[in-house]
Number of protein chains: 2
Amino acid sequence: MTRQVYDPGAYPPFAVTVDIVVLSVSHRRLWVAVVERGSPPFQGLWSLPGGFVEPDEDLESAATRELAEETGLSPSQLEQVGAFGAPNRDPRMRVVSVAYWTAAADLTALRSGSDAKAASLAAVERGFTEQLAFDHSLILNDALDEVREALQTRPVATRFCRPEFTITELRGVYEAIWNTNLDPGNFHKKVTEMPGFVEPTSRLREGGRGRPPELYRAGPAQRLDPPLSRPD
Amino acid sequence: MTRQVYDPGAYPPFAVTVDIVVLSVSHRRLWVAVVERGSPPFQGLWSLPGGFVEPDEDLESAATRELAEETGLSPSQLEQVGAFGAPNRDPRMRVVSVAYWTAAADLTALRSGSDAKAASLAAVERGFTEQLAFDHSLILNDALDEVREALQTRPVATRFCRPEFTITELRGVYEAIWNTNLDPGNFHKKVTEMPGFVEPTSRLREGGRGRPPELYRAGPAQRLDPPLSRPD
DNA sequence: GCAAAAGTGTTGCCCATACACCCATGC
DNA sequence: GCATGGGTGTATGGGCAACACTTTTGC
């Protein structure tokens with residue numbers, strides 16, 4: 001990157017970081033990837049994976065890189081939650097963090113990162129989210145609000161599923177993130193009749209109890225119209 | 001703000017700015033506040049109002065301050081659009097900008113700022129938005145997408161109106177921002193029957209042609225349920 | 001056969017739209 | 001009266017929730 005010369009004192013210097021909210025659904029619950037902090041501040045506490053943006057690095061690339069370094073994950077799509085820049089959010093220096101969220105279908109790939117931080121999954125439940133380092137509880141809650149909204153109008157639920165999934169698995173994503181129960185029959189109709197949301201593969205998943213369910217894959221739709229409404 | 005000592009070379013230094021998308025509806029059209037750039041880069045082009053965040057300043061406070069300095073406006077509520085940080089978005093240095101949007105009811109207060117930049121209103125129309133400095137076209141389009149969404153589920157339309165307004169004026173906000181025509185009768189019922197959206201003042205606006213309309217003020221609702229659906 | 005899970009059909013209600021109609025003013 | 005804009009009433013149709021019912025497996 002080529003730059004013109006400029007006076008380094010002409011603007012106040014900030015550090016810029018990225019933090020990533022990696023969400024996953026399994027065992028009918030919602031989980032978030034966290035790493036243990038190995039050094040002060042907040043040493044020993046859990047935090048969201050993240051780190052400094054390099055001088056010539058795109059924000060989203062930085063998020064992808066930090067996520068791979070700290071958790072071994074390479075998720076498909078990152079979506080920005082927003083910028084968090086309260087003057088005292090980091091006691092060491094002035095830091096503005098740009099937060100992203102992403103969905104992971106399969107978190108067996110989660111491992112501790114190259115810098116020896118312990119990576120783990122935490123259940124997203126009341127009480128837990130208040131124990132994160134920095135303002136990461138705030139970031140997580142903002143991300144959750146966005147995801148809950150996004151499930152209504154955009155086909156993001158399929159990102160929580162493996163490439164081929166059953167309608168019941170898809171419903172489980174909604175139920176875990178919305179913390180509700182949905183009518184299986186009505187959900188099945190609504191989702192399969194929504195143009196472009198899911199596509200049939202004409203294959204079945206064998207091995208479970210009961211009638212073997214059909215397998216679907218994500219369709220090309222960018223919007224869900226009409227939106228799936230969240231029950232009260 | 002008290003800080004521990006730290007090595008200034010331990011993280012890459014960034015500049016952090018804020019940019020503000022001030023939107024307003026008048027004469028059945030949507031307008032955005034812009035300022036003329038008085039110095040390079042992009043000298044002479046229009047840009048969104050904005051500027052550097054001070055070392056101990058909250059991001060939203062910085063947006064409020066810059067807006068007052070450059071346009072004389074003091075809008076009620078700022079909402080974050082997101083962070084924009086492509087490595088080459090500013091040719092001088094690495095800058096991450098945090099963008100906000102806000103609504104203004106009455107832009108007669110718009111004036112050129114203390115630093116002698118010309119402040120003006122630009123009609124939001126196809127073609128115009130491509131001529132802004134930096135990546136401000138991108139920021140504006142993201143803000144517009146957010147506002148169009150927000151109109152459906154949150155009572156943000158009243159922020160575009162003066163403290164007392166008519167239902168027709170409120171409908172004009174929706175029509176200008178969505179670029180559609182809404183049925184006056186159905187809109188009136190939907191809006192007045194939505195709990196907490198608008199409250200009657202039992203006063204009338206005199207002076208126009210036709211039957212004098214009733215005046216309303218914004219109600220306490222935080223969400224519009226069910227959402228106002230945008231026509232195709 | 002029985003239980004369990006997947007998927008389909010049916011019914012009734014709610015509500016949004018389309019549009020006709022009435023109201024209150026200026027001229 | 002007539003035009004203009006504000007506001008209300010009404011009927012029809014589509015969609016969604018509730019829930020009964022059928023299908024297909026394991027045991």
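Keep in mind that the numbers below use all heavy atoms, side chains included, and drop hydrogens, waters and symmetry copies. Quick note on labels: first sequence line is chain A, next is B, and so on, each numbered from 1. On a predicted model such as this, the values are computed, not experimentally measured, just so you know.
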Decide yes or no for B:L138 and B:F84: does some side-chain heavy atom of the first lie under 4.5 Å from some side-chain heavy atom of the second? yes
What residues in residues 150-178 of chain B put a non-hydrogen atom under 4.0 Å from any atom of DNA chain D? B:T168
Strictly below 4.0 Å, N to O, side chains only: are B:R159 and B:E79 in salt-bridge contact? yes
Please say whether more than 12 non-hydrogen atoms of neighbouring residues, nucleotides or ligands are located less than 6.0 Å from CZ in A:R203. no
Which protein N or O atoms sit under 3.5 Å from an N or O of nucleotides 11-14 of chain C?
none

Using the six-membered ring wherever Trp is involved, compare the ring planes of B:W101 and B:F160 and label them parallel, tilted or perpendicular (cut-offs 30° and 60°). parallel
Run the ring-centre check on A:F42 versus A:F134 and record whether the distance is less than 6.0 Å. yes
For A:S137 and A:Q131, the nearest pair of non-hydrogen atoms, with its separation, is OG-N, 4.1 Å
Quick one: stems involving DNA chain D, counted as three or more successive Watson-Crick or G-U pairs, both distances short of 3.5 Å. C:1-27 with D:1-27
Tell me the interatomic distance from B:K190, atom NZ, to D:dG9, atom P, rounded to whole angstroms. 18 Å
Less than 4.0 Å between a side-chain N and a carboxylate O, is that true for A:R205 and A:E214? no
Taking only residues two or more places apart in sequence, or in another chain, which ones meet A:E36 in a side chain to side chain contact (heavy atoms under 4.5 Å, CB included)? A:W46, A:A118
Figure out the CG/P separation between B:L182 and D:dG7, and round it to whole Å. 16 Å
Please determine if A:E146 and A:R154 form a salt bridge, counting it only when a charged side-chain N lies under 4.0 Å from a carboxylate O. no
Should A:S229 be listed as having a side-chain N or O under 4.0 Å from OP1 or OP2 of D:dA17? yes
Can you find a heavy atom in the side chain of A:P213 that is under 4.5 Å from one in the side chain of A:L204? no
Decide yes or no for A:H136 and A:D19: does some side-chain heavy atom of the first lie under 4.5 Å from some side-chain heavy atom of the second? yes
Please report, rounded to the nearest Å, how far the P atom of D:dA18 is from the CG atom of A:D232. 10 Å
Reading nucleotides 19-27 of chain D from the 5' end, what letters show protein touch, with B for base, S for backbone sugar-phosphate only, - for no heavy atom under 4.0 Å? B---BBBS-
For A:Y174 and A:W178, take the angle between the two ring planes, folded into 0 to 90°, and tell me which bin it lands in: parallel under 30, tilted 30 to 60, perpendicular over 60. perpendicular
Atom of B:T102, atom of B:L67 and distance for their closest heavy-atom approach: CG2-CD2, 4.4 Å
Where is the tightest heavy-atom contact between A:A105 and A:R162, given as atom of each residue plus distance? CB-N, 3.7 Å
Per the under-4.0 Å heavy-atom filter, residues of residues 217-226 of chain A near DNA chain D come out as A:P226
A:H188 side-chain N/O to C:dA6 phosphate OP1/OP2 under 4.0 Å: no
Between B:L30 and B:L144, is there a side-chain heavy-atom distance shorter than 4.5 Å? yes
Take atom CZ of B:F187 and atom P of D:dG6, then tell me their distance rounded to the nearest Å. 12 Å
Return the minimal non-hydrogen interatomic distance between B:A176 and B:R28, and the atom names on each side. CB-O, 4.0 Å
